[in-house]
Amino acid sequence: MGLFKKPLTPEELEQKERYEASKLRLMELHKTAKVIFYIDEVTVDDISHRPVLIGEVGKGQLKAGDHMEIYTCEGLPAGTMTIEAEEEREERHFIPGRTIRTFCFPKEEWDGYIAGQLLIRKERSSHGTNQQ
């Protein structure tokens with residue numbers, strides 16, 4: 001191994017710039033978000049045939065009726081949704097320990113949900129006062 005790195009190819013340079021821009025967008029979303037939900041898995045409910053978003057709440061609390069913005073894993077807007085219901089389920093594993101998974105049920109029909117997306121509810125600006 002020498003002391004010098006080989007220069008980045010144009011493709012690598014473009015990928016690095018895209019990554020840096022994504023990182024800045026995601027950091028800003030995390031800073032301004034009141035609620036963040038990370039989608040780990042998307043399934044379809046057997047009875048209603050509607051999407052079920054399974055993941056983790058990273059910040060705040062989900063509530064039925066919350067209007068959320070959907071962002072890609074690069075921090076780009078992808079749509080909006082309203083939460084119809086949410087529930088937490090405890091899962092036990094063969095390895096000692098347990099996990100709590102959050103199940104989020106969207107109110108509107110939309111087939112664009114994918115793992116890796118973020119649901120965000122931003123802080124509402126209220127001219128210097130904190131509203132919820």
Side-chain angles (χ1 to χ4, degrees):
M1 295 266 165
L3 295 174
F4 301 100
K5 290 183 179 180
K6 85 174 187 184
L8 296 175
T9 66
E11 293 83 16
E12 291 170 328
L13 189 57
E14 181 182 335
Q15 184 178 17
K16 182 179 178 180
E17 289 170 358
R18 187 174 166 181
Y19 170 79
E20 290 299 322
S22 296
K23 185 170 75 171
L24 291 174
R25 283 191 299 270
L26 289 168
M27 287 171 52
E28 183 63 25
L29 284 172
H30 280 78
K31 190 168 91 175
T32 60
K34 181 79 173 163
V35 177
I36 300 176
F37 178 78
Y38 303 100
I39 300 175
D40 294 332
E41 184 181 343
V42 180
T43 63
V44 175
D45 182 66
D46 292 334
I47 298 167
S48 69
H49 304 288
R50 308 241 350 242
V52 178
L53 311 178
I54 304 169
E56 296 181 35
V57 177
K59 184 178 182 180
Q61 275 188 309
L62 290 177
K63 291 183 287 212
D66 274 352
H67 185 71
M68 308 288 285
E69 296 176 40
I70 306 161
Y71 287 87
T72 66
C73 59
E74 292 183 338
L76 297 170
T80 60
M81 60 93 72
T82 305
I83 297 173
E84 182 173 43
E86 69 83 28
E87 66 179 72
E88 289 187 345
R89 298 181 195 166
E90 184 176 321
E91 295 180 347
R92 297 195 181 273
H93 302 280
F94 293 112
I95 327 171
R98 62 192 174 130
T99 350
I100 305 270
R101 296 188 72 181
T102 303
F103 290 72
C104 177
F105 303 90
K107 191 172 189 174
E108 300 89 5
E109 300 264 353
W110 186 55
D111 61 357
Y113 299 111
I114 59 171
Q117 288 177 333
L118 308 159
L119 302 181
I120 305 279
R121 184 167 61 86
K122 293 183 180 174
E123 186 75 57
R124 294 184 186 108
S125 68
S126 54
H127 304 292
T129 59
N130 240 354
Q131 286 185 332
Q132 293 201 359

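Basis for what follows: all heavy atoms, side chains included, without hydrogens, waters or symmetry-related copies.
- I47 belongs to no hydrophobic cluster, as no Ile, Leu, Val, Met, Phe, Trp or Tyr side chain comes under 4.5 Å of its own.
- E14 places no side-chain N or O within donor-acceptor distance of the main-chain N or O of E11, the cut-off being under 3.5 Å.
- Salt-bridge check for K31 with E28: passed, with a basic side-chain N closer than 4.0 Å to an acidic carboxylate O.
- A distance of 12.0 Å separates NZ of K16 from OG1 of T9, quoted to the nearest 0.5 Å.
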Which is it for E74 and R18 under the side-chain contact (heavy atoms from CB on, under 4.5 Å) test, yes or no, and what are the steps along the way?
CA-CA 9 Å; E74 292 183 338; R18 187 174 166 181; 2.8 Å; yes
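- For the side-chain contact (heavy atoms from CB on, under 4.5 Å) test, no residue two or more places apart in sequence or in another chain qualifies with L24.
- Under the salt bridge (charged side-chain N to carboxylate O under 4.0 Å, His left out) criterion, E12 pairs with no residue, sequence neighbours left out.
- Side-chain contact check for Y71 and E69: at least one donor-acceptor pair (N or O, by modelled atom type) lies under 3.5 Å.
- In this structure, CD in E86 is found 12.5 Å from CD in E84, a value given to the nearest 0.5 Å.
- Put simply, CG on D40 and CD on Q117 are 12.0 Å apart, with the number rounded to the nearest 0.5 Å.
- Note: the hydrophobic cluster containing V52 does not contain V42 (ILVMFWY, side chain heavy atoms under 4.5 Å, direct or indirect links).
- Residues meeting the ring-ring contact (aromatic ring centres under 6.0 Å, His included) test with Y38, sequence neighbours left out: H30.
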Give every donor-acceptor pair under 3.5 Å between a side-chain atom in residues 104-113 and any protein atom, sequence neighbours left out.
{"from": "E108", "atom 1": "OE1", "to": "T82", "atom 2": "N", "distance (Å)": "2.8"}
{"from": "E108", "atom 1": "OE2", "to": "T82", "atom 2": "OG1", "distance (Å)": "2.9"}
{"from": "E109", "atom 1": "OE2", "to": "R50", "atom 2": "NE", "distance (Å)": "3.1"}

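- Every residue two or more places apart in sequence or in another chain that forms a side-chain hydrogen bond (donor to acceptor under 3.5 Å, both in side chains) with E41 is listed here: R101.
- Between R89 and E87 there is a salt bridge, since a side-chain N of the basic residue sits under 4.0 Å from a carboxylate O of the acidic one.
- Shortest non-hydrogen contact noted between G116 and C73 is O-CB, 3.4 Å.
- No continuous path of ILVMFWY side-chain contacts below 4.5 Å connects L118 to F37, so the two sit in separate hydrophobic clusters.
- L119 and I36 are members of different hydrophobic clusters when ILVMFWY side chains are connected at heavy-atom separations under 4.5 Å.
- Here the rule is side-chain contact (heavy atoms from CB on, under 4.5 Å) with M68, and of V35, T80, I120 only V35 fits it.
- With a 4.5 Å cut-off on side-chain heavy atoms, Y19 and K23 count as touching.
- Across L62, I54, L53, a single residue satisfies side-chain contact (heavy atoms from CB on, under 4.5 Å) together with T102, and that is L62.
- When all heavy atoms of L76 and R25 are compared, the closest pair comes out as CD2-NE, 3.4 Å.
- Put simply, NZ on K59 and CZ on R121 are 11.0 Å apart, with the number rounded to the nearest 0.5 Å.
- When all heavy atoms are compared, the tightest approach of A64 to A85 is CB-CA, 4.3 Å.
- Put simply, the side chain of L29 reaches to within 4.5 Å of the side chain of K122, judged on heavy atoms.
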